[in-house]
2 protein chains.
Amino acid sequence: MADAAAREAKHDVFQAVADPTRRRLLRLLDEGEKPVTALSGHFAMSRTAVSKHLRILADAGLVSERKVGRETRYRMNPDPLLELKRWLSYFEKYWENRMAALKRYVEEDEE
Amino acid sequence: MADAAAREAKHDVFQAVADPTRRRLLRLLDEGEKPVTALSGHFAMSRTAVSKHLRILADAGLVSERKVGRETRYRMNPDPLLELKRWLSYFEKYWENRMAALKRYVEEDEE
DNA sequence: TTGACGTGAAACCAAATGGTTTCGTATAAT
DNA sequence: ATTATACGAAACCATTTGGTTTCACGTCAA
């Protein structure tokens, strides 16, 4: 709890996820734990740059690090995305209405 | 279609929504169409600053403007949030699994 | 033990971001 | 006709961001 707050202190999820590189990183890590080099291979930028993106993701609590020998393995943690999900849910009604409208339209059409 | 692409050309939704001021603006506009001054009253910053945030939201397609007399009324458009929603849905499985796990736990408990 | 590998920290840089103040202009009110 | 209101554009500024290169350090391999 206080832990989660501490983890997310520096960067918030919205900002972390705003960058396309970081979104791709999350996708890659979704496949499983990976060391930095394995990740940076997918990008045009330097390994160091990727490393910095990973730090931002870590600050937002979206990834965790684990040292294994000389490599640092990064693992995804989806939890903070729930905040985003919750924020989005506020606007859910719009699509519900649209769905309802669409449904009505289809049903009228069936007559 | 080409319209939507043009609207969203300058700023993407992820970036637009990354700023807390802009998120609050969307909430306020969710209540209904509002002119700039009515909006900027809720913030510590200048009207001009709010105006610039509104432009960014407009560039992302999240708000539209309508001139009425000497005022410009802004209206929210939730459509681009669907992109965010879609991106998030990719990670839905994590929570589904969690829900499933919770469900199993509760069911076991019922025995 | 001597290298090669995997990495983060540091110093640096250009561009973007989020804010300000000042100004011009169109509309509304007196 | 004059004044007040609502606003965007422009110029400006400090800070943040996203990237680079260089360096030092621990770990694995020969």
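Small disclaimer: the values here were computed from a predicted structure and weren't measured. A note on names: the letters A, B, ... follow the listed sequences, proteins ahead of strands, and every chain is numbered from 1.
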Checklist entry - Taking CD from E65(B) and P from dA6(D), how many angstroms apart are they, rounded to a whole number? => result 18 Å
Give every pair of a protein N or O atom and an N or O atom of nucleotides 28-30 of chain C that lie under 3.5 Å apart, one pair per line with the distance.
residue	atom	partner	partner atom	Å
dA28(C)	O4'	R70(B)	NH1	3.4

Next on the checklist: I want to check one thing: is the phosphate of dG18(D), taken as OP1 and OP2, less than 4.0 Å away from some side-chain N or O of T21(A)?
Outcome noted: no
Checklist entry - How would you label the contact of F43(A) with the nucleic acid (heavy atoms, under 4.0 Å): base, sugar-phosphate, or nothing? => result nothing
Next on the checklist: Within residues 27-38 of chain A, which residues have any heavy atom lying less than 4.0 Å from an atom of DNA chain D?
Outcome noted: none
Item to check | Integer-rounded Å distance: dC5(C) C1' and E71(A) CD | outcome: 10 Å
Checklist entry - Could you give the NZ-to-C1' distance, from K67(B) to dT5(D), as a whole number of Å? => result 13 Å
Next on the checklist: Measure CZ/R73(B) against P/dC7(D) and give the value in whole Å, please.
Outcome noted: 10 Å
Next on the checklist: Quick one, L62(B) with L25(B), criterion side-chain contact (heavy atoms from CB on, under 4.5 Å). Give me CA distance, side-chain angles, the key distance, then yes/no.
Outcome noted: CA-CA 10 Å; L62(B) 283 163; L25(B) 279 170; over 6 Å; no
Checklist entry - In Å, rounded to the nearest 0.5 Å, how long is the span from CE of M76(B) to CG of D30(B)? => result 6.0 Å
Got a list of protein N/O to nucleotides 21-23 of chain C N/O distances below 3.5 Å?
none

Checklist outcome for this item: Tested for side-chain contact (heavy atoms from CB on, under 4.5 Å) against L81(B), the lone hit among Y90(A), W95(A), Y94(A) is W95(A)
Checklist entry - Side chain of R23(A), backbone of V17(A): donor and acceptor closer than 3.5 Å? => result yes
Checklist outcome for this item: To the nearest 0.5 Å, atom CG of L26(B) lies from atom CH2 of W87(A) at 5.0 Å
Next on the checklist: Once rounded to the nearest 0.5 Å, what's the spacing between atom CG of L54(B) and atom CG of D59(B)?
Outcome noted: 11.0 Å
Checklist entry - Roughly, in whole Å, what's the span from CG in L39(A) to P in dG6(C)? => result 13 Å
Checklist entry - Is any side-chain nitrogen or oxygen of Y74(B) closer than 4.0 Å to OP1 or OP2 of dG8(D)? => result yes
Checklist entry - Say you draw a straight line from CG of L84(B) to OG of S89(B); how long is it, rounded to the nearest 0.5 Å? => result 10.5 Å
Report, one pair per line, the protein and nucleotides 13-18 of chain C atoms (nitrogen or oxygen only) whose separation is under 3.5 Å.
residue	atom	partner	partner atom	Å
dT17(C)	OP1	Q15(B)	NE2	3.0
dG18(C)	OP1	D19(B)	OD2	3.3
dG18(C)	OP2	R22(B)	NH1	3.2

Item to check | SB check K85(B) E92(B) (cutoff 4.0 Å) | outcome: no
Item to check | Separation of dG8(C) C1' from L54(A) CG (nearest whole Å) | outcome: 12 Å
Checklist entry - How far does CZ of R22(B) sit from NE2 of H11(B), to the nearest 0.5 angstrom? => result 7.5 Å
Checklist entry - Does a nitrogen or oxygen in the side chain of S51(B) sit under 4.0 Å from OP1 or OP2 of dG8(D)? => result yes
Checklist entry - Between CD of Q15(A) and CD of Q15(B), what distance do you get to the nearest 0.5 Å? => result 10.5 Å
Checklist entry - R24(A) versus F43(A): any side-chain heavy-atom pair under 4.5 Å? => result yes
Next on the checklist: Could you work out, with side-chain hydrogen bond (donor to acceptor under 3.5 Å, both in side chains) as the rule, every residue matching R27(A), not counting sequence neighbours?
Outcome noted: none
Checklist entry - Which atom names give the shortest non-hydrogen contact between N77(A) and G61(A), and what distance separates them? => result ND2-O, 2.9 Å
Next on the checklist: Whole angstroms only, please: what is the CZ-P distance between R66(B) and dC7(D)?
Outcome noted: 13 Å
Next on the checklist: According to side-chain hydrogen bond (donor to acceptor under 3.5 Å, both in side chains), does anything in residues 33-46 of chain B pair up with another residue at least two apart or in another chain? List the pairs.
Outcome noted: E31(B)-K34(B), E33(B)-R66(B), E33(B)-R75(B)
